[in-house]
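What follows is a set of notes on a single structure, which appears directly below.
Here the structure is a predicted model, which means the values were calculated and not measured.
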Amino acid sequence: MDSDLIKLVNRLQDTFSNLGGELDMPQLVVVGSQSAGKSSVLENIVGRDFLPRGQGIVTRRPLVLQLVHTPSPDPSAPTYTEWGQFLHIDKRFTDYNEIRKEIEQETFRVAGQNKGISKLPISLKIYSPDVLDLTLVDLPGLTKIPVGDQPSDIERQIRGLVVEYISKPNSVILAVSAANVDLANSDALKLARSVDPQGRRTIGVLTKLDLMDAGTNALDILTGRVYPLKLGFIGVVNRSQQDINSEKSLPDALDSEAEFFRNHAAYRNIAHKNGTKYLARTLNQVLMNHIRDKLPDMKARLNTLMGQAQQELNSFGDAAIYGDKNQQGGLILRLMNKFAHDFVASIEGTKVDISTKELSGGARIYYIFNDVFGHALACIDSTSNLDNQDIRTAIRNSTGPRPSLFVPESAFDLLVKPQIKLLESPSLRCVELVYEELVKICHNCTSVELERFPRLHAQLIECVSELLRERLGPTSEYAQSLIEIQAAYINTNHPAFISGSAAAAQAATSPAPKPAQLSRPQSNEPINGAPTLEDEDESSAEEPVGTNGVLSRDGRSVSSTLHDRTRVTGSAPTAKASSSKPHPAQGPRHSSAHSQATQPGAPGTSPHTARETFLNYFFGQNGPGPIAGSTVDRSHVGPAPVPTGRDVSNAETAGPTGLMAGKRTLDGNNAAFDMKSLGKHIEAISSSEPGSQITLREEMETSLIRSLIASYFSIVRQSIQDLIPKAIMHFLVNYTSQQVQNRLVASLYKPELFADLLNEDEALVAERTRVKALLDAYKEAFKTLSEVNLKPI
């Protein structure tokens, strides 16, 4: 019965080795320093030379050696009675030299040609009538320093491999130490004590007793007085290298070993407790007792493993439903609903397994709206790409052939529309980012059951992705149309724009450094028929005409619009000047009634102040200048006109054509003849050019336009920052969440697709087969162990 225990464990070990089970079998683990004689001990136990030999590290992979006792040969039996068999090759080896070569080749195949090691074990069974049932594991010898082409961390690798085997509670440690080295320096005993401090499952083996110095012996060690172990120490004498070279047989070596112990003065009294034969019997008994002690733990472990394997097998599902269309349809519909529910729950934040480490699902969409999109809009400068030259050119182009008396409103429209277009790229990019996040959410919606069917999972993702792609176009078009709507109509009557206009007017009233100008003589006469201050106030209730009679209501300007607003918002009524004598500093147009009125939203600024700024700017602080027909001497030559452009055409400018071609006046005046035809490109004079200087009028116009653009752009930016997320949620996010389940059912719930969609992954099928076989092995092992435990011991 005891031998049946070891055979049972060997059979279970082979089964779980192939299936990858986690059941630790009771086994003997041979540990020792390099060249301590581990391989020789194993060969003595087997009675055959079958292990590789050589200089340095030879054992580079764990060797699981299972010795199986066979009955004595029968005369009618085959010619061979002993053979070896590897687990990785289906072949019987009757020649032990071939077994040695196969071990070497298998070691080279996995561990390489160098001196590296591998954790993958080699399993070898030896059937012989001369052996006892044993299971031993030969491990690489412990080393200190790398030699030759060994890895630099060879010591750490070997130590980690050894500790992995001996730390298992079901293993019995066979610590091999050389007797001619101080026992205190034994690496094997040191490692054994680290995992077995009380020495309950450690057997000490002393080799090289015949090589000790003359006059010394290991009697105290063998009797347990130096280092006590529960299982004790056993001394053996192996063949020397000279015996191996001379091909001394193992039976002769065993006889020499027995003779050594019988004749040695110190060991003759304990000779019956030493030697290879005694070691084999002891190991056999220790292993059987160990197996018997571990049977309850093995059964408990098997119970746990069976439960885990059954749970894993259940997660793979049952393959019996594949023949029934109704069951297939029900499974696909359930997986579709689960996928759609997970997709919507991830967006709404109601998913069960929400991460607490990072943003996920709908929170990432909010992050795009609030942080990414909001920051992108806030970083846009409304006038950074507009220099003063652009604004001056726009103003000049907006007035046509007439010089501008005030800043034209068409120039403001012309300049603000391209600035509104700057909001289009961030808005479209926001749509793309939300689309990308929805696609990521779709890919993350999976489950263990859905992973069984990779084709179904791929089709679900593709179907939702197609729905998202369909909605990406309309969402982007609507976001683009929102920008175009803002640029289509510039609403200068927006309530928030009033404060911006007033602020611009207030900024315009601030004194600025003025270049030296010729002072104009004071005059109370009107210019070009323009009414005086009193006349203007009296006629304010009549049909509105443009300031100075130039621009009517149909040809409004930004400055006139500003002036109208300040007049409407001012509550103080205007009054005629009480005195005809002009104020020395302000000129004859100022009155106390205008100076006391204030504008809402701009404290300290009167409605008349903004208008006075423009009037003072155009007519000067001291009143209107001389008009045509005045007493000023016409022969006086004034300053030269300020140039407004420069011909930058590449072609040579043609001379005068038409009536002036080829004519010069008889009095020698060539002024008309020198007026040449214009080229293709006329460039406005830049204020940055040498010799050019921006006038006070241009400086004020530029500053005003820039302030108005910033004010209106801020209004549009706030509106776009509010409308774009709403549009994305309506057209893309909410629509997809509402239609995803209907789209999945309409696209995939078709009986002709069931077989293809439920085609399982080959790797998963193989894994399910392996787990099922492992579960069957666990059940069979548990049944066998239960029967063994019922037998009397």
Residue pair D722, K726: steps toward the salt bridge (Lys or Arg N to Asp or Glu O under 4.0 Å) verdict = CA-CA 7 Å; D722 178 60; K726 292 179 178 179; 3.1 Å; yes
Mind running side chain to side chain contact (heavy atoms under 4.5 Å, CB included) on V372 and C430 for me, showing each step along the way?
-> CA-CA 8 Å; V372 180; C430 181; over 6 Å; no
Kindly determine whether M306 and Q310 satisfy side chain to side chain contact (heavy atoms under 4.5 Å, CB included), including the steps that lead there.
-> CA-CA 6 Å; M306 282 191 297; Q310 185 65 52; over 6 Å; no
Quick one: do L386 and Q419 satisfy side chain to side chain contact (heavy atoms under 4.5 Å, CB included)? Show the steps, please.
-> CA-CA 9 Å; L386 289 178; Q419 304 309 107; 3.9 Å; yes
Show your reasoning for whether side chain to side chain contact (heavy atoms under 4.5 Å, CB included) applies to I461 and F339.
-> CA-CA 9 Å; I461 294 176; F339 183 86; 4.3 Å; yes
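Remark: L472 CG to E477 CD distance equals 9.5 Å, nearest 0.5 Å. Interatomic distance, Q157 CD to I117 CD1, rounded to the nearest 0.5 Å: 5.0 Å. With values rounded to the nearest 0.5 angstrom, F369 atom CZ is found 6.0 Å from M729 atom CE. Between the OH atom in Y478 and the CD1 atom in I483 there is a gap of 11.0 Å [rounded to 0.5 Å]. Separation of atoms CD1 (I490) and CZ (F497) is listed at 9.5 Å; rounding is to 0.5 Å. Between the CG atom in L744 and the CD1 atom in I332 there is a gap of 12.0 Å [rounded to 0.5 Å].
Between D413 and K417, none of the side-chain N atoms (NZ, or NE/NH1/NH2) sits under 4.0 Å from a carboxylate O, so this pair counts as no salt bridge. Salt-bridge formation is detected for the pair R743/E470: a Lys NZ or Arg NE/NH1/NH2 atom is positioned less than 4.0 Å from an Asp or Glu carboxylate oxygen.
The two residues L748 and L757 come nearest to each other via the heavy atoms O-CD1, 3.8 Å. The nearest pair of heavy atoms linking S737 to V740 is O-CG1, 3.5 Å. S747 and K750 get closest at one heavy-atom pair: O-CE, 3.6 Å. Between G362 and I441, the shortest heavy-atom distance links the atoms N-CD1, 4.3 Å. Across H443 and S465, no two heavy atoms sit closer than the pair CE1-OG, 4.5 Å. Residues N385 and S382 share a closest heavy-atom pair of OD1-O, 4.2 Å.
Under the 3.5 Å distance criterion, the side-chain polar atoms of R706 are matched with a main-chain donor or acceptor of T383. Listed for the R364 side chain is no donor-acceptor partner under 3.5 Å among the backbone atoms of E437. Remark: the backbone N or O of A300 is paired with a side-chain donor or acceptor of T304 at under 3.5 angstrom. Between the side chain of N337 and the main chain of L333, a donor-acceptor pair closer than 3.5 Å is present. In this structure, the side chain of D342 does not engage the main chain of C445 through any donor-acceptor pair within 3.5 Å. In terms of modelled atom types and a separation under 3.5 Å, the side chain of S427 and the main chain of L423 share a donor-acceptor contact. Listed for the D387 side chain is a donor-acceptor partner under 3.5 Å among the backbone atoms of D390. In this structure, the side chain of N444 engages the main chain of K440 through a donor-acceptor pair within 3.5 Å.
Taking 4.5 Å as the limit, every side-chain heavy atom of F782 sits out of range of all side-chain heavy atoms of L305. Residues Y435 and T475 form no side-chain contact, since every pair of their non-hydrogen atoms from C-beta on lies 4.5 Å or further apart. The side-chain heavy atoms of N303 and Y778, taken from C-beta on, include no pair separated by under 4.5 Å. Between K338 and L450 the shortest side-chain heavy-atom distance does not fall below 4.5 Å. Using a 4.5 Å heavy-atom cutoff, the side chains of Q741 and H341 are not in contact. Residues L438 and I365 are in side-chain contact: their nearest non-hydrogen atoms beyond the backbone lie under 4.5 Å apart. Considering only heavy atoms from C-beta on, T736 comes within 4.5 Å of F343 through its side chain. Counting heavy atoms from C-beta outward, L331 and L335 have side chains that approach closer than 4.5 Å.
Exactly one of E432, E462, E436 qualifies for a salt bridge (charged side-chain N to carboxylate O under 4.0 Å, His left out) with R469. That residue is E462.
Between E699 and N388, the side chains place no donor N or O within less than 3.5 Å of an acceptor N or O (distance only, hydrogens not considered).
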